[in-house]
Asks: 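I have a structure here, written as structure tokens, and I will follow up with some questions on it.
Per chain, numbering begins at 1; letters A, B, ... match sequence-line order. All values derive from a computational prediction rather than experimental measurement.
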2 protein chains.
Amino acid sequence: MSTPETTTDVPQDFEALKAVILERKAQLPKRLKQVAAYSLDNPDEIAFGTAASIATSADVQPSTLVRFAQHFGFEGFSSLQQIFRARLRERTPGYEERLKALRGDDHSRLESGSIFNGFVAAAHRSLDNVATSVDPEAFERAVDILAKADTIYLIAKRRSYPISSYMAYAFGKLKVKYQHVGTAAGIDDDMLAMATRQDAAFAVSFSPYASESAAQARLLANRKIPVVSLTDSAFSPLAESSKVWFELVEADHAGFRSLSASMAFAMALTVAIAEKRRRAGDAAI
Amino acid sequence: MSTPETTTDVPQDFEALKAVILERKAQLPKRLKQVAAYSLDNPDEIAFGTAASIATSADVQPSTLVRFAQHFGFEGFSSLQQIFRARLRERTPGYEERLKALRGDDHSRLESGSIFNGFVAAAHRSLDNVATSVDPEAFERAVDILAKADTIYLIAKRRSYPISSYMAYAFGKLKVKYQHVGTAAGIDDDMLAMATRQDAAFAVSFSPYASESAAQARLLANRKIPVVSLTDSAFSPLAESSKVWFELVEADHAGFRSLSASMAFAMALTVAIAEKRRRAGDAAI
DNA sequence: TCCAAAATAGAACGTTCGTTCTATACCCGC
DNA sequence: GCGGGTATAGAACGAACGTTCTATTTTGGA
């Protein structure tokens, strides 16, 4: 019984360690307190750095790090470092990996499950991407243009159609006047013929671009009706006709591109427009 | 000009490195290919391990790791390792944290930006949820039923309509016979009247449930036509009419529910059905 | 079949690591 | 203000590191 509680109370994961450090921080000697603060502020440094580099960075001696580790029951600095590394290891891995973790328990033992996982992963990736690829100022301008419009024309065909049909649904709920262009090919152009400069259009088209969408956007642009568009390339035919356009590349699984990012974008745009109108309305009262 | 393109084509982040590795994987020598595979399969090991430990684990010589690194333009193994470490450093934290990180740089300084972030976050949450809430065996059964069907009837109204319209688009591409029920209210029932027991239906409805969708599903069920459905509660009127049904709760932002999880589900189902049919077709030849 | 070039394995290199040890500085109760 | 205990800094240690170098093997074209 010379080492009565050797490993029992040694923190085994980062959260536990953090708790213990915070708990005992007050009663810690000066240098150890310094290390404590540094370690919680720069956990990544501790995970990756060497004792020497960390010591320099935290402005202490390497031996202090060892004492610090031993103070909390670890054998040496290295074993404490493992905690910091494990933290990064277990940190929400990539979606692929996360799904791989699911693999064992149930999904994709069955082949369809892996298809399912693939699409979920692709959707995640898409969303990750969209957060950085959409310029918020451009978004603001797009909201401006569409919020001012009398009627919003929604142009989308084929793969983009679900997006505009969601917007149509939401606009209806939000009492925003719109026209959904993209259903029956015949009446589309008649619809667009009625558009005036007080209106605006939102067009969605991804490669391979539906030629009608591009043509319709061009038609409106020629008549000085502002067009906002969502597409997947700077070379998209929509870009040249648009006052504001967004490039949004969806991730794919097995060649089938996700719609999650476009959908999230569409929802945000829809709600932002309605919100802006509501405020303008309030102000007018 | 002794080092004409020193740093130009050296991958600077993990994604770039991954792409280059995959691109050149085929033409890599045996041992280097071995390292390539290992590095992509166990990126964490590379980030934390030492050259010696990694070499042992990957069953190669340490020097091979150095050659591998140099093959891709790095100075030595250590500089390649930095890429793997940076990856963990920047690794997507929780969504909340990630959005908090976005806060500073640009988004949501503008009010619309926060709307945008909100929808992206909601979509992420939805996807996280769906991976665990969908039972893979039920999914498999659903695929079975629908793959066997002659014609697949897609039933969805209002908010669910974008989902079925995507499926309609994809089924068209995949040469799967379908009927899209949900467009003009009048002709819907005529369409469904033609359905036989060789057919099947996929119905989508979320609360507040469109009464027509429930009625149509019941109609088909009474005629012994199998119905698979996607809904958001066990108390959904669709559930009782369905051979297989899925409960899928979407996260929301500002009261607007995401569609990402449903969309991913729909894509997976669509592709899984087509895949199953392709195999059945192959087997028949 | 042979040869030149490329790839590999393994030993050897100097460096840097984490740890330990010891002398010194500091703190606090008396 | 002194003494005993603790905390600290810094030097010294062997071990392990990443890299380089050199035989040896493998490869692919003549």
Asks: Calculate the interatomic distance between B:Phe84 atom CZ and D:dG18 atom P; express it in whole Å.
Replies: 15 Å
Asks: Is the B:Tyr169 to A:Tyr161 ring centre distance short of 6.0 Å?
Replies: no
Asks: Measure NE2/A:His71 against C1'/D:dT8 and give the value in whole Å, please.
Replies: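 Distance, rounded to whole Å: 14 Å.
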Asks: Within the 3.5 Å criterion, strictly below it, is a donor on A:Ser229 or A:Ser242 matched to an acceptor on the partner's side chain?
Replies: yes
Asks: Roughly, in whole Å, what's the span from CD in B:Gln61 to C1' in C:dA11?
Replies: 10 Å
Asks: When you compare the side chains of B:Ser57 and B:Tyr38, does any donor N or O come within less than 3.5 Å of an acceptor on the partner?
Replies: yes
Asks: Please work out if A:Leu32 contacts a base, only the sugar-phosphate, or nothing of the nucleic acid, heavy-atom cut-off 4.0 Å.
Replies: sugar-phosphate
Asks: Could you go through B:Ser39 and B:Ile21, starting from their C-alpha distance and side-chain angles, then the distance that decides it, and tell me whether this counts as side-chain contact (heavy atoms from CB on, under 4.5 Å)?
Replies: CA-CA 10 Å; B:Ser39 66; B:Ile21 290 177; 4.1 Å; yes
Asks: Is the A:His253 ring parallel, tilted or perpendicular to the A:Phe119 ring (thresholds 30°, 60°)?
Replies: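 Aromatic pair A:His253/A:Phe119 classed perpendicular.
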Asks: In whole angstroms, how far is the P atom of D:dA7 from the NZ atom of A:Lys33?
Replies: 13 Å
Asks: Between C:dT16 atom C1' and A:Ile54 atom CD1, what is the distance in whole Å?
Replies: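 Nearest whole value for this atom pair: 14 Å.
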Asks: Please state how far atom CZ in B:Phe48 lies from atom P in D:dA16, giving the value in whole angstrom units.
Replies: 21 Å
Asks: Side-chain N or O of B:Arg67 less than 4.0 angstrom from OP1 or OP2 on C:dT8?
Replies: yes
Asks: Are A:Val35 and A:Arg67 side-chain neighbours, meaning at least one heavy-atom pair lies under 4.5 Å?
Replies: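 Counting from C-beta outward, A:Val35 and A:Arg67 never come under 4.5 Å.
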Asks: For nucleotides 18-21 of chain C, which of its nitrogen or oxygen atoms have a protein nitrogen or oxygen under 3.5 Å away, and what is each distance?
Replies:
from   : atom 1 : to      : atom 2 : distance (Å)
C:dG18 : OP1    : A:Ala51 : N      : 2.5
C:dG18 : OP2    : A:Ala51 : N      : 2.7
C:dG18 : OP2    : A:Ala52 : N      : 3.1
C:dG18 : O3'    : A:Ser78 : OG     : 3.0
C:dT19 : OP1    : A:Phe77 : N      : 3.1
C:dT19 : OP1    : A:Ser78 : N      : 3.2
C:dT19 : OP1    : A:Ser78 : OG     : 3.4
C:dT19 : OP2    : A:Phe77 : N      : 2.9
C:dT20 : OP2    : A:Gln70 : NE2    : 3.4

Asks: What integer distance in Å separates B:Lys30:NZ from D:dT25:P?
Replies: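 These atoms are roughly 14 Å apart.
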